[in-house]
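What follows is a set of notes on a single structure, which appears directly below.
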Amino acid sequence: MKQALLFLKDKKTYFDYAILTFLTEENDFLKAKPGNFFMLQANTLLKKPISVMECNKKDKMLKFLVKKVGKGTEFLYNLKPGEIIDAVGPSGNTFPIDKNSEYILVGGGSGIPPLYFLSKQLNKEKFVVVYGGKSKKDIVPIFGKSSPTIITTESGDIGTKGTVIDGIKKAIEKKRFKNPVILSCGPEGMVKAIKKYFPQFKHYTSLEKYMACGFGVCLGCVVETVDGYKRVCVDGPVFDIEYLKDFL
Amino acid sequence: MKLTVDLGRGLVLKNPVLLASGTCGYGLEFENFYPLSEIGGICTKGLSFESIKGNPTPRIVETSCGMINSIGLQNIGAKAFVSEKLPELREKDTAVIVNIFGYSLKEYIKVVKYLEQFEGIDGFEVNISCPNVKKGGIQFGTNPKMTASLVKELRKRTEKHLMVKLSPNVTDITEFAKVCELEGADSISLINTLLGMGVDIEKRDFLIKRKMGGFSGPAIKPVALRMVYQAVKSVKIPVIGIGGITNYKDALEFLLVGAKAVQIGTANFFNPKAGKEVVEGIKSFLEKKKINDINQWIGSIKDE
């Protein structure tokens, strides 16, 4: 973990979302893994935790997907190529992956970046992405056609009409997965619903929490687990769902 | 260039910059950003004898130029600190000031008695000003009689430097400063957080689970500067300035009005390099002003 600068090379916007492509000279920044995040400087006092969507050592590139939800994320959304921001990271753990298991990667809205990042590292035969949102405005076109992806929207204006629960059912059917592991990131309601409908599957979820520092000292982002409070920033953000009291 | 400051009873800092309790964990986390040897010292997260679980969430919220926290003194406990953190921390070339806390006089005594025996602890900072727990803490910091008896009892039990961290949530800070001096404290540090609150008009709810919390950050600096100045004027023991220090200029302001050292708090969260940057900034400022000893700057404000 380091503190260093990020140079915005390129930005693409899609409704309330912006894909920010930064360049960095900090080698430690380029060790980011799926699930890791950075604290990005905005126009607020505290930096904002934003999950890594892509990391490329060769090009010294880090990519983030930001959704406008408040003052800080709006500032990041409005950044212009050429601008430089201060950042701290990478922070956090990653998803536990073994080569033999089959995975369903479930992302809701702005929860998709770590799963997108992870999908680039998995064997295509071994996973499906389920990407859900309220309408097409929540489904940022980041996945290529070759990536096994099921899109669900509540409005039905893109993909299957329904929720990620319908998407997961479809994924299991299509891929004939027997005992898939679910890896999720999204709103608490979505993660709870997945747990309720598919209690039989091993399930790891990446949590999003408000935090002041992002490197383990403020103790503001804690989550209650069966072993007491744990810090989302450094003990997580990825947790086995059986470990989290909010989901028991 | 001489940056060392003497806080008394053997606690000499290589420079007047400390990291404030509750914003730097147990110190080691900051080695990712700079060697701890760059700064004068660290004040650890408040330690109680037994570990404390802390408050329910949400615990923090950002405000205009500041933040409110309600962590509730979550800590690993004194024994775990000694076995898990101190061995590595004491190897660092920086002062280790252990912030301590108890729910009662007995508990304060217990933690000091236990930690007193260990080398590598350069001093205690007694937290009598945490607004985030139901009992203890701030009660000792807002009632001068309780402050007096606590300092008196702790003084009897430690040979180490005894710093008392004062609460700004009082009418007259000088009353508390004087009590600490009288009962044998070696220094006082101030201010701890101001009691604050935030609400959400959409959800018609409080932003912090326990409703009120400790308000900190740049927004509180003028209040802190005023109180530090008042404290400096009322006692002879060193005063350590805390409150909204973000850069070297802020630090120089506190030193100018007479603080012998400063602590950086909330800034550690959003700029983890702040400690190192403040030291460097002070140094180059003094060079520019052709002042070769920080002690010539401390308290040098034109004040008639």
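Just so we're on the same page: letters track the sequence lines, and every chain starts at 1. Treat the numbers as computed from the prediction; the structure is a model and nothing was measured.
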- Task: Let me know if A:Met1 has heavy atoms under 4.5 Å from chain B in its side chain, its backbone, both or neither.
- Result: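 For A:Met1, heavy atoms of backbone and side chain both lie under 4.5 Å from chain B.
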- Residue A:Val222 versus chain B: region with a heavy atom under 4.5 Å: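 Both backbone and side chain.
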- Contacts with chain A made by residues 28-44 of chain B (heavy-atom distance under 4.5 Å), listed by residue number: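 From residues 28-44 of chain B, the residues near chain A are B:Glu29, B:Phe30, B:Asn32, B:Phe33.
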- chain A contacts: which residues in residues 76-94 of chain B have a non-hydrogen atom closer than 4.5 Å to it?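 Residues of residues 76-94 of chain B touching chain A at under 4.5 Å: none.
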- Between A:Leu45 and B:Pro218, is any pair of side-chain heavy atoms under 4.5 Å apart?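 Answer yes - side chains close enough.
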- Query: Do B:Pro272 and A:Val88 come close enough that some side-chain heavy atom pair is under 4.5 Å?
  - Reply: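 A side-chain contact under 4.5 Å exists here.
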About how many Å separate [atom2] of [Y] and [atom1] of [X], when rounded to the nearest 0.5 Å?
| X | Y | atom1 | atom2 | value |
| --- | --- | --- | --- | --- |
| B:Lys273 | A:Asp86 | NZ | CG | 6.5 Å |
| B:Ile60 | A:Cys218 | CD1 | SG | 4.5 Å |
| B:Thr57 | A:Asp246 | OG1 | CG | 7.0 Å |
| B:Ile71 | A:Tyr229 | CD1 | OH | 10.5 Å |
| A:Gln3 | B:Phe270 | CD | CZ | 10.5 Å |

[X], [atom1] atom: more than 12 neighbouring heavy atoms under 6.0 Å:
| X | atom1 | result |
| --- | --- | --- |
| A:Lys68 | NZ | yes |
| A:Lys137 | NZ | no |
| A:Phe201 | CZ | yes |
| A:Glu208 | CD | no |
| B:Lys211 | NZ | no |

- Query: Is NZ or CZ of B:Arg59 both nearer than 6.0 Å to the six-membered ring centre of A:Tyr210 and within 45° of the ring axis?
  - Reply: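 No, a cation-pi geometry is absent between B:Arg59 and A:Tyr210.
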- Item | Check: A:Gln41/B:Asn271 side-chain N/O donor and acceptor closer than 3.5 Å |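 No, no side-chain donor-acceptor contact under 3.5 Å.
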- Taking B:Lys45, B:Met67, B:Gln74 one by one, which has the highest count of heavy-atom pairs under 4.5 Å against chain A?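 Among the listed options, the one with the most contacts to chain A is B:Gln74.
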- Message: Non-hydrogen contacts under 4.5 angstrom with chain B: give the residues of residues 59-67 of chain A involved, or none if there are none.
- Response: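 Under the 4.5 Å heavy-atom cut-off, nothing qualifies.
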- Item | Listed partners of B:Lys209 passing side chain to side chain contact (heavy atoms under 4.5 Å, CB included), at least two apart |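 Result, side chain to side chain contact (heavy atoms under 4.5 Å, CB included) vs B:Lys209: B:Pro56, B:Pro58.
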- Are the charged groups of A:Lys47 and B:Glu62 less than 4.0 angstrom apart, N to O?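 A salt bridge is absent here (no side-chain N lies under 4.0 Å from a carboxylate O).
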